[in-house]
Amino acid sequence: MRIVVLAGGIGGARFLLGVRSYAREVGAEVTAVVNVGDDLLLHGLKVCPDLDSVLYTLGGGADPERGWGRAGESWTVKAELAAYGAEPTWFGLGDKDLATHLVRTTMLTAGYPLSQVTEAMAARWQPGVRLLPATDDRLETHAVVDLDGGRRAIHFQEWWVRYRADVPTDRFVFVGADAAEPAPGVREAIAAADVVLVAPSNPVVSIAPVLAVPGLREAVVEGPAPVVGVSPIIGGAPVRGMADRCLAVLGVECSAAGVGRLYGGRRDGGLLDGWLVAPEDAGVEVPGVTVRAVPLRMTDEAATAAMVRAALELV
Ligand code: FO1
């Protein structure tokens with residue numbers, strides 16, 4: 001069996017631990033199509049937060065509490081950069097994490113596409129699933145905000161880390177999306193999939209930028225595989241992160257129903273055949289979508305694997 005997962009960062013990484021566990025149990029192959037909209041150039045280095053969260057988490061190198069960056073990290077270089085007054089100081093790059101960005105930037109500068117860089121890094125981390133960036137092309141999520149009396153676009157990371165979403169926000173834009181192509185292997189993986197899972201990642205700034213790559217959403221919706229999403233919202237609140245703030249920007253209700261309807265039923269040109277919601281949200285209805293209530297707290301790999309099993313039983 002072949003499973004494709006559309007995923008973002010921290011929530012996506014945790015979910016992929018369960019997908020991998022389930023896949024090992026049943027002998028399935030897993031391909032993760034990971035968001036690149038969070039990526040940014042910083043101190044001359046290309047940082048890919050979602051790919052790194054997935055790589056470190058599946059490779060056993062992630063700091064479990066933070067969810068991003070490395071375990072046992074040190075911040076010597078960060079302090080030195082701050083001593084020089086090198087901006088931005090609001091985005092912390094750990095010393096171990098820097099090696100990842102140096103290797104990635106060196107390979108990108110040498111002309112390797114991000115998908116091949118990711119493959120090379122997976123050789124070290126052995127994530128146990130195939131990791132593909134949604135695209136090898138530039139695609140950056142920016143937030144259009146009102147700041148200092150004027151309206152302007154800031155990089156998603158500035159919105160997320162520096163302002164913690166606490167700034168009047170008009171909309172998100174996926175810069176470069178219209179010229180981007182699915183990374184090599186993405187279309188093929190989706191076409192060959194027996195099921196496509198939408199991880200409980202942030203629907204607005206993690207899943208949407210994946211689906212914004214021209215041809216990617218179509219590959220999923222027109223593909224043979226049933227599509228099952230997992231709600232990132234339980235009882236009206238995001239399990240982690242700021243999906244509530246992001247949904248508010250779109251004017252979408254922060255609920256399992258709201259996100260289910262945002263993705264939409266495949267029958268009506270949307271994405272989903274199935275939608276997993278938490279017991280707290282039992283009874284939620286999404287037109288044209290089979291909804292099932294199961295425990296959705298990813299407390300450990302077994303709990304997450306049970307979610308994956310429930311998703312597959314649903315279709
Ligand atoms: N998040 C923060 O809240 N503060 C940081 O200083 C920070 C640094 C950072 C460095 C590398 C990296 O891969 C991720 C980092 N993140 C940080 C998390 C990042 O903003 C989020 O993981 C995603 O981009 C949003 O899902």
Side-chain angles (χ1 to χ4, degrees), residues 1 3-28 30 32 50 53-54 57-58 60 62 64-67 127-129 193-204 206-207 225-244 246-247 252-266 270-315:
M1 180 204 299
I3 303 170
V4 167
V5 185
L6 307 185
I10 300 165
R14 290 231 164 92
F15 182 66
L16 280 163
L17 282 172
V19 178
R20 181 181 66 181
S21 170
Y22 175 80
R24 283 175 176 161
E25 215 179 287
V26 303
V30 181
D50 284 359
S53 282
V54 173
T57 300
L58 293 173
E65 272 323 296
R66 254 186 284 118
V129 307
D194 295 293
V195 65
V196 174
L197 299 178
V198 183
S201 297
N202 186 313
V204 179
S206 293
I207 300 300
V227 182
V228 183
V230 180
S231 176
I233 306 294
I234 295 180
V239 176
R240 182 189 175 112
M242 298 187 280
D244 48 343
C246 299
L247 288 163
V252 171
E253 180 190 86
C254 181
S255 67
V259 177
R261 291 186 193 124
L262 177 65
Y263 287 144
R266 199 145 154 194
L271 193 63
L272 299 177
D273 296 294
W275 184 233
L276 284 190
V277 301
E280 294 93 320
D281 299 309
V284 153
E285 290 182 2
V286 178
V289 179
T290 310
V291 180
R292 188 169 166 205
V294 295
L296 288 189
R297 297 220 178 261
M298 301 188 282
T299 46
D300 57 24
E301 287 194 23
T304 310
M307 288 159 56
V308 176
R309 192 176 303 109
L312 292 171
E313 282 164 6
L314 205 154
V315 287

Please report the shortest heavy-atom distance between [X] and [Y], naming the atom on each side.
| X | Y | value |
| --- | --- | --- |
| Thr304 | Met298 | OG1-CB, 3.2 Å |
| Leu16 | Ala7 | CD1-CB, 4.2 Å |
| Ser201 | Ile207 | CB-CD1, 3.9 Å |
| Ser255 | Ile233 | CA-CG2, 3.7 Å |
| Ala13 | Val54 | CB-CA, 3.9 Å |
| Pro279 | Ala293 | CA-CB, 4.1 Å |

Counting C-beta onward and ignoring hydrogens, is there a side-chain heavy-atom pair between [X] and [Y] closer than 4.5 Å?
| X | Y | result |
| --- | --- | --- |
| Val294 | Leu314 | no |
| Leu58 | Leu17 | yes |
| Ile3 | Leu197 | yes |
| Pro200 | Val239 | no |
| Ser231 | Leu296 | yes |
| Leu247 | Leu262 | yes |

Of Phe15, Trp275, Tyr263, the residue whose pairing with Val198 passes side-chain contact (heavy atoms from CB on, under 4.5 Å): Tyr263

Enter the distance from [X]:[atom1] to [Y]:[atom2] here, rounded to the nearest 0.5 Å.
| X | Y | atom1 | atom2 | answer |
| --- | --- | --- | --- | --- |
| Ser53 | Arg14 | OG | CZ | 9.5 Å |
| Leu272 | Arg266 | CG | CZ | 9.5 Å |
| Arg309 | Glu25 | CZ | CD | 4.5 Å |
| Glu253 | Asp244 | CD | CG | 12.5 Å |
| Ile10 | Arg240 | CD1 | CZ | 4.5 Å |

Expected output: side-chain [X] to main-chain [Y] donor-acceptor under 3.5 Å:
| X | Y | result |
| --- | --- | --- |
| Arg20 | Pro127 | yes |
| Ser206 | Gly8 | no |
| Arg261 | Glu285 | yes |
| Asp273 | Val228 | no |

